[in-house]
Amino acid sequence: MTPGREAVPVALIARLYRTLLLAYPRRFRQEYGLHVLQVFTDRCRDAYEQGGLAALIGVWPHGVGDLIWTALAEWRIVWKEPLLDEERRYKALAGRYLLWGGCWPMLGVAIALAGAGQSLTLGHIEEGLLVVLAGLIPLVPLLMPLVLLRSGLIRGARLASLMVGICYGLWGLLSSAAMLGLDGEGGTWNALPWGLSFLLTASCLLRARSRLRGHLIVLWQRGESGPPPLGISWSEGDDFINPVWRSVLEGSRSPDAVKQIRAVKTPR
Amino acid sequence: MLPLTPAVFHILLSLAAGERHGYGIMQEVGHSTDGVIRLGPGTLYRSIKQLLAAGLIVEAGDRADPQLNEERRRYYQLTRYGRCVAEAEAQRLERLVKAARAKQLLPKTRRTGSVGATT
């Protein structure tokens, strides 16, 4: 299937839709992604030939709505599936450093909410709302590593966990600096949870690194048949993620990793 | 197994006449329902996945559709079991329609061969 042969608007929409296919769990994407994309492209082509650009744009909301709805349904199935041993161990490991990295930001959020409550009580409504927002926003990225992990994007999950830790740490350092400049010792208490979060997440990552490598090798060996072909020519079983992004997010694609895997497979 | 979802039942109906690929199924469902039911690509292949797992349809190979382009497409066909299930669902729906007619929720049917006359 080559989008280059389509009319430009159809090819563009098909390419965008192909990116949205990332919303599906990996297994469904690998099994049916090509067919879903093919049917969507057929439909776009027909609409464009019959009604021009307006008809083509009309296909988009239904197609995207359908994708979101079915992706959610597929994810519900995936989350209900029992995990394999390696996945369970990896999830427990990832969960552990998410817990370490997460409990301290939670404490920070609690402090922020308490501060907001105090501001609101004193009648400083705008300031209070800002503190509430600042406290709640970091909760969102806490979920990201788990979602990535469940998608099979192992390195992505690890990077996301690391980034969460680093961001909290930096935020803590910056806010402590600001607070110390403004009201002296108060900033230290606000900064403490964030700084601890950074340190604990980083230390957990360092400790887990060797074990993670082992898990990555096990996961790579299980059911991976090599990197997808480069370019935009797709064949059965491709994952529909841009190959470069896929290799970055999944990890274990580097020549070094391949050597390690071969060494594991053929022990001397 | 029964009742089937509308999407699944329409997919089985579209395959009753012979094997089709995904887009062919989608077009057939659109035509047979006058566009009332529009299957999205995701819904279509989720349903196909369920039907394959339940043994109601099977894959019938990959080949190009000369009416569309040279892309290879996967064809699907109804199994014997799938046909039985579709028939059972059709009979269930028929009974429902009969019950609705008996309660005068639907107009009475036209008798075959007597155009314009109602029973």
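Letters A, B, ... are given to chains in the order of the sequence lines, protein chains preceding strands, and every chain is numbered from 1. Not measured: the values here are computed from a predicted model. Computed from heavy atoms alone, side chains included, the values below leave out hydrogens, waters and symmetry copies.
For A73(A), the parts sitting under 4.5 Å from any heavy atom of chain B are the backbone and the side chain alike. Both the backbone and the side chain of R38(B) have a heavy atom closer than 4.5 Å to some heavy atom of chain A.
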Quiz item: Could you go step by step and tell me if Y23(B) and D65(B) meet the side-chain hydrogen bond (donor to acceptor under 3.5 Å, both in side chains) rule?
Solution: CA-CA 10 Å; Y23(B) 191 54; D65(B) 182 349; over 6 Å; no
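Side chains of Y45(B) and T70(A): no donor on one and acceptor on the other come within 3.5 Å.
Ranked by non-hydrogen atom pairs under 4.5 Å with chain A, the options P41(B), G24(B), G22(B) are led by P41(B). Of the residues considered (F40(A), F28(A), W69(A), Y17(A)), F28(A) shows the highest number of contacts with chain B, using heavy-atom pairs under 4.5 Å.
The CD1 atom of I48(B) sits 5.5 Å away from the CD1 atom of I11(B) when rounded to the nearest 0.5 Å.
Using a 4.5 Å heavy-atom cutoff, the side chains of V39(A) and L39(B) are not in contact.
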